[in-house]
Participant: 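Questions regarding the structure given below will be posed in turn.
Only a predicted model underlies this, so the values are computations on that prediction, with no experimental measurement involved.
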Amino acid sequence: MNNEPQGAPVNERPVLQALVNLALADTGNSVSVSMAGEYDYEVKNSNDPQEILSNMALGDDDEFFIKDSNNNQLAWFLLIYNNGSDYDPMVVISDYSANDYAEGIYNTLNENFGDEDY
């Protein structure tokens with residue numbers, strides 16, 4: 001995936017790549033990304049991993065939305081880049097929806113990338 005997103009610290013990129021892959025794992029899902037607090041989307045309702053990744057980390061933070069094929073929002077993640085993730089790349093995920101779908105994705109990522117000693 002060309003080590004995207006280029007604007008994110010290198011240690012956060014595998015977490016972000018896995019987040020995109022998990023978000024698109026269910027057929028019909030799409031992702032939208034906007035800089036946090038902005039109303040314009042960098043990418044909207046995309047199911048192209050490369051397009052999504054290349055439009056992430058263009059600023060200091062992003063809101064990451066996952067929708068199903070009926071355009072229902074499944075999950076939301078707040079990503080803050082370079083937020084003290086030197087020893088725990090999961091710190092890039094600052095907040096997320098309080099629902100089973102988002103928690104399932106977060107827990108999968110944490111199992112693979114979380115720092116057990118953190």
Participant: For a quick test of reading the model, state the closest non-hydrogen atom pair linking Arg13 to Glu4 and the distance between them.
Facilitator: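 Nearest heavy atoms, Arg13 then Glu4: CB-O, 3.9 Å.
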
Participant: Over all heavy atoms of both residues, which pair between Ala102 and Phe77 is shortest? Give the atoms and the distance, please.
Facilitator: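 Closest approach of Ala102 to Phe77: O-CZ, 3.8 Å.
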
Participant: Any luck finding a side-chain donor-acceptor pair between Asn11 and Tyr87 under 3.5 Å?
Facilitator: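 Note: Asn11 and Tyr87 side chains miss the donor-acceptor criterion.
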
Participant: Kindly compute the distance separating CZ (Phe113) from OG1 (Thr108), expressed to the nearest 0.5 Å.
Facilitator: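 If we round to the nearest 0.5 Å, Phe113:CZ and Thr108:OG1 are 10.5 Å apart.
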
Participant: Testing the basics here: between Leu74 and Lys67, what is the closest heavy-atom pair and its distance to 0.1 Å?
Facilitator: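 Minimum heavy-atom contact is CD1-C, 4.1 Å.
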
Participant: Could you measure the distance from the OG atom of Ser30 to the CD atom of Gln73? Nearest 0.5 Å is fine.
Facilitator: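 Answer for the OG-CD pair, Ser30 versus Gln73, is 10.0 Å.
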
Participant: Excluding sequence neighbours, so at least two apart, what forms side chain to side chain donor-acceptor pair (under 3.5 Å) with Asn72?
Facilitator: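 By the side chain to side chain donor-acceptor pair (under 3.5 Å) rule, Asn72 matches Asp68.
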
Participant: Could you work out, with side-chain contact (heavy atoms from CB on, under 4.5 Å) as the rule, every residue matching Ser32, not counting sequence neighbours?
Facilitator: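 Residues passing side-chain contact (heavy atoms from CB on, under 4.5 Å) with Ser32: Tyr41, Lys44, Asn45, Phe65.
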
Participant: Looking only at heavy atoms, which two atoms of Ala8 and Ala57 are closest? And how far apart?
Facilitator: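 Taking every non-hydrogen atom into account, N-CB, 3.5 Å.
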
Participant: Quick one: do Ile66 and Asp26 satisfy side-chain contact (heavy atoms from CB on, under 4.5 Å)? Show the steps, please.
Facilitator: CA-CA 11 Å; Ile66 305 170; Asp26 293 327; over 6 Å; no

Participant: Just jot down the side chain to side chain donor-acceptor pair (under 3.5 Å) partners of Glu51, sequence neighbours excluded, or say none.
Facilitator: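 Glu51: side chain to side chain donor-acceptor pair (under 3.5 Å) contacts with Ser46.
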
Participant: Using 0.5 Å steps for rounding, measure from the CE atom of Met90 to the CG atom of Asn110.
Facilitator: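 Here the interatomic distance stands at 4.5 Å.
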
Participant: OH of Tyr81 to CG of Asp61: how many Å apart, nearest 0.5 Å?
Facilitator: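 Those atoms lie 8.0 Å apart.
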
Participant: Under the side-chain contact (heavy atoms from CB on, under 4.5 Å) criterion, do Phe64 and Ile93 qualify, and how do the steps go?
Facilitator: CA-CA 10 Å; Phe64 184 95; Ile93 300 175; over 6 Å; no

Participant: Identify the two heavy atoms, one from Pro49 and one from Asn47, that lie closest to each other, and give their separation to 0.1 Å.
Facilitator: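 Heavy atoms of Pro49 and Asn47 come nearest at CD-O, 3.4 Å.
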
Participant: Taking side chain to side chain donor-acceptor pair (under 3.5 Å) as the definition, give me every residue that meets it alongside Asn55, ordered by chain and number, with sequence neighbours left out.
Facilitator: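 If we apply the side chain to side chain donor-acceptor pair (under 3.5 Å) test to Asn55, skipping adjacent residues, there are no hits.
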
Participant: Please step through side-chain contact (heavy atoms from CB on, under 4.5 Å) for the pair Val20 and Val31, ending with a clear verdict.
Facilitator: CA-CA 8 Å; Val20 170; Val31 169; 5.6 Å; no

Participant: To the closest 0.5 Å, what do you measure between CG (Asp86) and CD (Glu12)?
Facilitator: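 CD of Glu12 is found 8.5 Å from CG of Asp86.
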
Participant: Should Val92 and Leu22 be regarded as members of a common hydrophobic cluster, given that ILVMFWY residues are connected when their side-chain heavy atoms come within less than 4.5 Å of each other, either directly or indirectly?
Facilitator: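 Shared cluster, yes.
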
Participant: Can you name the side chain to side chain donor-acceptor pair (under 3.5 Å) partners of Glu42, sequence neighbours left out?
Facilitator: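 If we apply the side chain to side chain donor-acceptor pair (under 3.5 Å) test to Glu42, skipping adjacent residues, there are no hits.
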
Participant: Going through the checks in order, is the side-chain contact (heavy atoms from CB on, under 4.5 Å) test met by Leu24 and Ile52?
Facilitator: CA-CA 11 Å; Leu24 298 176; Ile52 296 164; 3.8 Å; yes

Participant: Of the non-hydrogen atoms in Asp88 and Gly114, which two are nearest, and what is the gap between them?
Facilitator: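 So the two residues come closest at OD1-CA, 3.8 Å.
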
Participant: What's in the same ILVMFWY side-chain cluster as Leu58, cut-off under 4.5 Å, chained through other members?
Facilitator: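 Traced through the cluster, Leu58 reaches Met35.
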
